[in-house]
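Read through the structure below, which is laid out as structure tokens, and then see the notes.
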Amino acid sequence: MSTTSVPYVVEDFAGPLSIKWMAAGWAVWQTDSGYYRVDPASYLVLNHGHVYSLSVDTDEPRETFCPFFAAGFVEGAHAALTARPPSLLDAPHAGVVPAVLFSEHLRPTDEWVIPVLRRMRAGLQAGLASAAWLEDQFHGLAERLLLAQRDVRRQVAAVPAVRPGTRLELYRRLCRGRDYLHASFAEPLTLAAIAREACLAPHHFHRLFRGAFGQTPHDYLVGLRIARARTLLAATEMPVTQICFEIGFESLGSFSSLFHRKVGVSPTTFRRRARLN
């Protein structure tokens, strides 16, 4: 965990299974399979031994929070969740268990993992981090991570395709498109460009994206931009006009109108209320 407002870079690091999350601000993790912009509303899982780089080039205050799991720790939790009770009784200290591999893509806020990360961070800040407390938190985090992965498998199963391999590949491409939206939401994006990043035809991508994630790519993009605007309004002194262009809008009028429709108040009123809380 680190808190800083100074740009920094970590290059070509390979570590154990870990979760990448930002308690404040945002940062970019890059691997050979993707480019991931992580903020407080999302997290990234990187498997053991996966080489990655980390870069932060913003002046905003930010705080990384990245739990690392000891070798075999999550595998033990997986065995406890999936093995039949008799086998757990007969061989409670079974030796080697199969490695657990997680889908490596950006994961928006879910009900499983981020609440535990917030609780762990709060406990550390409050001085509760004894060895026993940390072990307890890591066991809970491992179980939540596995439950979140179960939800990923359900999403994969819901992708309309006959063959399991095809469903998995389509889901991987949809996630690649979603990751691209997170990484590039402030740029002038088109459906064709996003679909191209996902290696799918535009209409096919649009239909599958809506089915998998419950929103069209455009609605998802608008949600990312509005969320970013809320953060900048509440946490910075940046003028509203600058925020408008910073998050990818070309017109102050269209930004203000859309913000009011989505949030219920104007950007200026939102900022004033945020300062009072």
Side-chain angles (χ1 to χ4, degrees), residues 3-8 20-30 34-44 54-64 105-109 114 174-198 202 205-206 209-210 213-277:
T3 304
T4 180
S5 58
V6 180
Y8 65 95
K20 310 304 183 187
W21 179 59
M22 298 297 293
W26 60 272
V28 171
W29 275 265
Q30 187 166 7
Y35 176 91
Y36 310 98
R37 184 185 186 278
V38 181
D39 60 24
S42 61
Y43 68 97
L44 173 68
L54 164 65
S55 62
V56 183
D57 58 3
T58 174
D59 293 332
E60 295 176 46
R62 66 265 182 185
E63 180 182 340
T64 59
H105 57 78
L106 199 66
R107 301 173 186 231
T109 299
I114 291 182
L174 289 173
C175 287
R176 184 176 177 86
R178 186 175 65 178
D179 292 341
Y180 182 64
L181 281 169
H182 277 266
S184 309
F185 70 87
E187 300 176 10
L189 298 176
T190 63
L191 177 63
I194 305 164
R196 189 182 310 116
E197 187 70 20
F205 174 77
H206 184 278
F209 190 99
R210 182 179 57 194
F213 305 129
Q215 292 179 284
T216 67
H218 175 73
D219 288 342
Y220 196 91
L221 174 61
V222 168
L224 291 175
R225 287 176 171 174
I226 295 298
R228 179 62 175 161
R230 291 169 66 115
T231 297
L232 292 174
L233 287 166
T236 75
E237 299 295 334
M238 190 181 295
V240 173
T241 301
Q242 186 178 348
I243 291 174
C244 165
F245 298 124
E246 182 82 10
I247 63 175
F249 284 91
E250 298 179 354
S251 162
L252 179 60
S254 62
F255 163 63
S256 298
S257 175
L258 182 61
F259 188 94
H260 192 284
R261 188 163 72 247
K262 294 292 185 180
V263 181
V265 296
S266 70
T268 302
T269 301
F270 177 86
R271 167 171 276 170
R272 184 173 63 251
R273 291 180 179 178
R275 300 295 167 82
L276 295 175
N277 295 332

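Just the heavy atoms: all of them, side chains too, but no hydrogens, waters or symmetry mates, feed the values below.
- Minimum interatomic distance between A186 and E246 (heavy atoms only, all atoms of both residues): CB-O, 3.3 Å.
- Between A193 and Y180, the closest heavy-atom pair is O-CE2, 4.2 Å.
- Ring geometry for F249 versus F255: interplanar angle of 30 to 60°, hence tilted.
- In terms of heavy atoms, R230 sits closest to F270 at O-CE2, 3.5 Å.
- When all heavy atoms of S251 and C244 are compared, the closest pair comes out as O-SG, 3.5 Å.
- Aromatic ring orientation, F213 versus F209: perpendicular (interplanar angle above 60°, classes split at 30° and 60°).
- Rounded to the nearest 0.5 angstrom, F185 CZ and L221 CG are separated by 9.0 Å.
- Between atom OG1 of residue T190 and atom CZ of residue R196 there is a gap of 6.0 Å, rounded to the nearest 0.5 Å.
- When side chains are defined from C-beta on, W26 counts as touching R228, because their heavy atoms get closer than 4.5 Å.
- Of all non-hydrogen atoms in L258 and R261, the two that sit nearest each other are CD1-NH2, 3.0 Å.
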**Asked** Run the side-chain contact (heavy atoms from CB on, under 4.5 Å) check on T216 and H206 step by step: do they pass?
**Response** CA-CA 6 Å; T216 67; H206 184 278; 3.7 Å; yes

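- Every side-chain contact (heavy atoms from CB on, under 4.5 Å) that T269 has, sequence neighbours left out, goes to V265, S266, R272, R273.
- Applying the salt bridge (charged side-chain N to carboxylate O under 4.0 Å, His left out) rule to pairs touching residues 175-193 yields R176-E197, sequence neighbours excluded.
- In this structure, F245 CZ and E250 CD are separated by 8.5 Å, a value rounded to the nearest 0.5 Å.
- Ion pairing between a basic and an acidic side chain is recognised when a charged N comes within 4.0 Å of a carboxylate O; R275 and E237 show such pairing.
- The side-chain heavy atoms of L224 and H182, taken from C-beta on, include a pair separated by under 4.5 Å.
- Between the side chain of S257 and the backbone N or O of S254, no donor-acceptor pair lies under 3.5 Å.
- In this structure the side chain of R271 reaches within 4.5 angstrom of the side chain of T236, judged on heavy atoms.
- Residues W21 and P40 come closest through the heavy atom pair NE1-O, 3.1 Å.
- The distance from atom CZ of R225 to atom CZ of F259, rounded to the nearest 0.5 Å, is 15.0 Å.
- In this structure, the separation between CD1 on I194 and CG on L181 is 4.5 Å, given to the nearest 0.5 Å.
- At least one side-chain heavy atom of L232 sits under 4.5 Å from a side-chain heavy atom of I247.
- Distance check: K20 NZ to Y43 OH gives 14.0 Å after rounding to the nearest 0.5 Å.
- With a 4.5 Å cut-off on side-chain heavy atoms, T64 and R62 do not count as touching.
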